[in-house]
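Structure, as structure tokens:
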Amino acid sequence: GILYETIVDAHVRSQQSEQALSFFNEMTAKCLVPTSNTLNNLLESLVESNNFEKAWWVFNEKKGFVVYDLYTFGIMIKGCCANGHLNRAFEVLGVMESLGLSPNVVIYTTLIDGCCKNGDIERAKQLFNNMGQLGLTPNQFTYTVLLDGLFDCGLKEEGFELFGKMKLDGVLPDAHTYSVMINVHCNNGRLNEAFDVLDEMREGGFSCNVVAYNTLIGGLCRRSRVMEAEKLFGQMKGTNLDPNLITYNTLINGFCHANKLDKALGLFNQLKSNGLVPSIATYNILIVGFCRAGNPERVSEFVGEME
RNA sequence: CGGAUCUAAGACCAGAUCA
């Protein structure tokens, strides 16, 4: 039994979810019962390797054989939501409750996020409002997912209200929360407000992180303020923060739109010399940019480099 | 009876498609 557990875990750790699954099946075929922990690690690795249907199969097949815990249900709910099956996510919740397990704040947060990302903001709000009845207290994660969901469907006022309520309830915003707030202001073209939030974030004890910088750089670019974006990029590097691929993509896109293709190219080279690997998005940005500028030689260079 | 440890939740980039 222990031997099989070890083998399954080893394959999970080396990201070979399919092999992990076949050893898991071999194990259960011999009537050896895996621990919840092994099951959970397997399910998560299947979900993460885009094998959700296999995870779903295991989940349905091993009910009553392996002991399912809150982690099991959390992983499955997230998997359902990430694959567009909101209805199945609620089915999973039902199974969980029928086994006598009560949802915790993680389960609820996962569901709320799933509703938001699948376009059911009303249900997300309902879940949020029901938490108190169930003795659950929304935390930083819960508020952040709902804020993000509200802003994604354009419910700005509600979002700002919720942000206020969060603080009144004594739940301190963290770096993720602040990034969501910075993002909504950037999307509205309100750069001053975005930088105000950044100040608030710093007062709250968080330094500007890569995501916040990326968001602000993107916001500036979209308002055609590329030079300021570039300045911010410089400031970022000055604070020992390493720009990531998204930083580069964002700024390259800004320079392409501003018709500063030399700058865009320079950043493209810089990213590679910093050990980053361009993504499909990077090439897309450059190809579109150089197409617009009528530079077919560069375009075919990029296309060739992509494969 | 009481501890300890382990596995689940959130933010940022280009385009495409369908309605």
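Chain letters run A, B, ... following the sequence lines, proteins first and then strands; every chain starts at 1.
For B:C6, its base sits under 3.5 Å from the side chain of A:Asn37 at one donor and acceptor pair at least. The base of B:A11 sits with one of its N or O atoms less than 3.5 Å from a complementary donor or acceptor on the side chain of A:Ser179. For B:A8, its base never sits under 3.5 Å from the side chain of A:Asn41 at any donor and acceptor pair. Side-chain atoms of A:Asn139 come within donor-acceptor range of the base of B:A9, with a qualifying N/O pair under 3.5 Å.
The shortest distance between the side-chain N/O atoms of A:Lys78 and the OP1/OP2 oxygens of B:A9 is below 4.0 Å. Between A:Lys117 and the phosphate of B:A9, there is no side-chain N or O to OP1/OP2 separation shorter than 4.0 Å.
Rounding to the nearest 0.5 Å gives a distance of 7.5 Å between CG of A:Leu241 and SG of A:Cys208. Rounding to the nearest 0.5 angstrom, the gap separating the CZ atom in A:Phe24 from the NZ atom in A:Lys54 is 14.5 Å.
A:Ile246 comes within 4.0 angstrom of a nucleotide base, judged by non-hydrogen atoms across all strands. The residue A:Thr177 sits close to a base: some heavy atom pair falls under 4.0 Å. Among the atoms of the strands shown, base atoms are found under 4.0 Å from some heavy atom of A:Thr144. Residue A:Leu245 is out of contact with every strand shown, counting any heavy-atom pair closer than 4.0 Å. Among the heavy atoms of the strands, none lies under 4.0 Å from A:Asp9.
Side chain of A:Val145, nearest nucleotide from B:A11, B:C13, B:G10: B:G10. Checking B:C12, B:A8, B:G10 against every side-chain atom of A:Glu44, the shortest atom distance belongs to B:A8. Taking only side-chain atoms of A:Val211, from C-beta outward, the nucleotide of B:U7, B:G10, B:A11 with the closest atom is B:A11. If you check B:A8, B:G10, B:C13 against the side chain of A:Tyr71, the one that comes closest is B:A8. Checking B:C12, B:A8, B:A14 against every side-chain atom of A:Asn244, the shortest atom distance belongs to B:C12. Of the candidates B:U7, B:A14, B:C13, B:U7 carries the atom nearest the A:Asn40 side chain, counting heavy atoms from C-beta on.
The distance from atom CG of A:Leu216 to atom P of B:C13 is 12 Å, rounded to the nearest whole Å. Taking atom CD1 on A:Ile217 and atom P on B:A14, their separation rounds to 14 Å, with Å as the unit. Put simply, CD1 on A:Ile182 is 13 Å from P on B:C13, counting in whole angstrom units. Counting to the nearest Å, the P atom of B:C12 and the CG atom of A:Asn187 are 9 Å from each other. Atom-to-atom, CE of A:Met131 to C1' of B:A9 comes out at 11 Å; the value is rounded to the nearest Å.
Aromatic pair A:Phe233/A:Tyr248: ring centres closer than 6.0 Å.
Residues A:Phe141 and A:Tyr108 form no side-chain contact, since every pair of their non-hydrogen atoms from C-beta on lies 4.5 Å or further apart.
Contact between A:Cys80 and A:Phe52 at its shortest, heavy atoms only, is N-CE1, 3.4 Å.
Ionic pairing of A:Lys125 and A:Glu161 is not present here: no N-O contact between side-chain nitrogen and carboxylate oxygen is shorter than 4.0 angstrom.
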